[in-house]
2 protein chains.
Amino acid sequence: MPLPAPIYHLHSPCSSCNLAELCLPADLSANEMHKLDELSTVKRSFARSDYLYRSGDKFRSLFAIHSGSFKTQILHEDGREQVTGFQMAGEIIGLDAISTDTHACDAVALESSVVCELPFNKLEALSREIPLLQRHLHKLMSREIVRDQGIMLLLGSMRAEERLAVFLLNLSQRFATRGLSATQFQLRMSRQEIGSYLGLKLETVSRAFSHFQSERLINVKVRTVEILDLAGLQACLNNTR
Amino acid sequence: MPLPAPIYHLHSPCSSCNLAELCLPADLSANEMHKLDELSTVKRSFARSDYLYRSGDKFRSLFAIHSGSFKTQILHEDGREQVTGFQMAGEIIGLDAISTDTHACDAVALESSVVCELPFNKLEALSREIPLLQRHLHKLMSREIVRDQGIMLLLGSMRAEERLAVFLLNLSQRFATRGLSATQFQLRMSRQEIGSYLGLKLETVSRAFSHFQSERLINVKVRTVEILDLAGLQACLNNTR
DNA sequence: CACGATTTTTGACATATATCAAACCGCATT
DNA sequence: AATGCGGTTTGATATATGTCAAAAATCGTG
């Protein structure tokens, strides 16, 4: 099994990062921002299908995704696998590992990606000094809890097409937040990975895509998606079972 | 709709609480413990089906369950509902509200219950002073993330009986942690609530209970459960679909 | 203790999604 | 340009769980 082949880059401070508004609290003073620069140490590059960390790895750092994207997945001993999330630039990954000082899932690059390593003990020390940072960290973790509970709702009570609609709308919204098109994008994950995330088999995902296309809600050609009718997709969700 | 009818009790310090080992970090110094007593203010009592908080309520405090139990649930606008968890004594509830300063779900008492209110701004201030408390709070939130991701695995890839087995084993383990029987207990929630939590209809839950009983894995009479074969229940999980 | 209301169990049947299989397509490599 | 391979689409069929309904058990209340 090939090891991830990280490429180490020079130190690059948060204060000059164009993603700071996604990663960091607003309203930091210049002084606080300066302190924060102690934190960001190195960037690491990953190729598609490299592991950022594996379940069982010792926890030392959170990671901020600087570019590219990842999936996180749990592997159950009996071979079952569940993709628990897809993460993109500006998102923080690794929060699940704090609870036991051990990573609880795998994080795998979906494409060439760069991450910033955030040593967690430094982050805790800084957040004792900078209340805004403390609050930000708490919000980050809480947001992850809310997100996961939203997926529980999806998995527990939505039908296949509703799940896919939620998935596409969520992607759309996140691309828009990053200044990208909300209606045209490339999927970085396979049908199988989408299916695992949504609790469906890949064939069901594929059929749902085809059906949305036949309804003129989207154009989809393998991994290229164009949303033709955002409101129409949203309307899928209101048709209770 | 009847409002919750809280009964206010006298201040009672964490330092003298018999649940402290569940709620609080180990290894606090006497001095730190003393500081912590600033935190716990009042206890409130709730009757069955009272709301501890509702989705949309302003967030001010986390709550430590002192006795009794609660369910948390999300209500989707279209009427769909998802139970996101069942909480019992010693567990902390309300972490999802930090992200937006607004409660993201309802918390409803499943029986007569008492909770300790933990004002969050005080908790943050204290955790800046007491690193062990800071770390504890982080672990608490991270544990919630891991728990939720476990439920995603359950909802995304397990069959009905596997889900119920996981549910029963989890309850069993939590009762045992509290010094109660791991094999005999009362369910505090209805079949409908279990079903919502597990992504199943109540009839399916009922059938799974009946099947486990016919297999001599459990005895179940409505809400009274006796686990006859813990290992057998665990074995349910290894039968991959 | 009896009553009605609610919850649970059980059965018969319906259906959404899984499973199995084959064809198709796009991409990378030669 | 041809080849091979993994990913995707589509079809036919199977099955787990949902739906609807009725009976049974339980609970709360007068």
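Reckoned from all heavy atoms, side chains included, excluding hydrogens, waters and symmetry mates. Just so it is clear: chains get the letters A, B, ... in the order the sequence lines come, proteins before strands, and each one is counted from 1.
Taking only side-chain atoms of Glu203(B), from C-beta outward, the nucleotide of dT8(C), dT9(D), dT19(D) with the closest atom is dT19(D). Looking at the side chain of Thr204(A), the nearest of the listed nucleotides dT8(C), dT19(C), dA18(C) is dA18(C). Comparing dT8(D), dT9(C), dA16(C) by their closest approach to the side chain of Arg159(A) singles out dA16(C).
An OP1 or OP2 oxygen of dG26(C) is reached within less than 4.0 angstrom by a side-chain nitrogen or oxygen of Lys221(A). The phosphate of dT6(C) (OP1 or OP2) has no side-chain N or O of Ser190(B) nearer than 4.0 angstrom. Distances shorter than 4.0 Å separate some side-chain N or O of Arg191(B) from OP1 or OP2 on dT9(C).
Of the residues in residues 193-200 of chain B, those lying under 4.0 Å from DNA chain D by heavy-atom distance are Gly199(B), Leu200(B).
If you check every strand for non-hydrogen atoms under 4.0 Å, Arg223(B) touches sugar and phosphate atoms only. As judged by a 4.0 angstrom heavy-atom cut-off over every strand, Ser206(A) is placed among the base-contacting residues.
Residues satisfying the salt bridge (charged side-chain N to carboxylate O under 4.0 Å, His left out) criterion with Arg60(A), sequence neighbours excluded, are absent altogether.
Paired with Gln82(A) under the rule side-chain contact (heavy atoms from CB on, under 4.5 Å), one option of Leu155(A), Leu75(A), Thr72(A) passes, and it is Leu155(A).
Residue Met189(B) is the one, among Arg207(B) and Met189(B), whose nearest nucleotide of DNA chain C lies closer to the 5' end (criterion: closest heavy atom).
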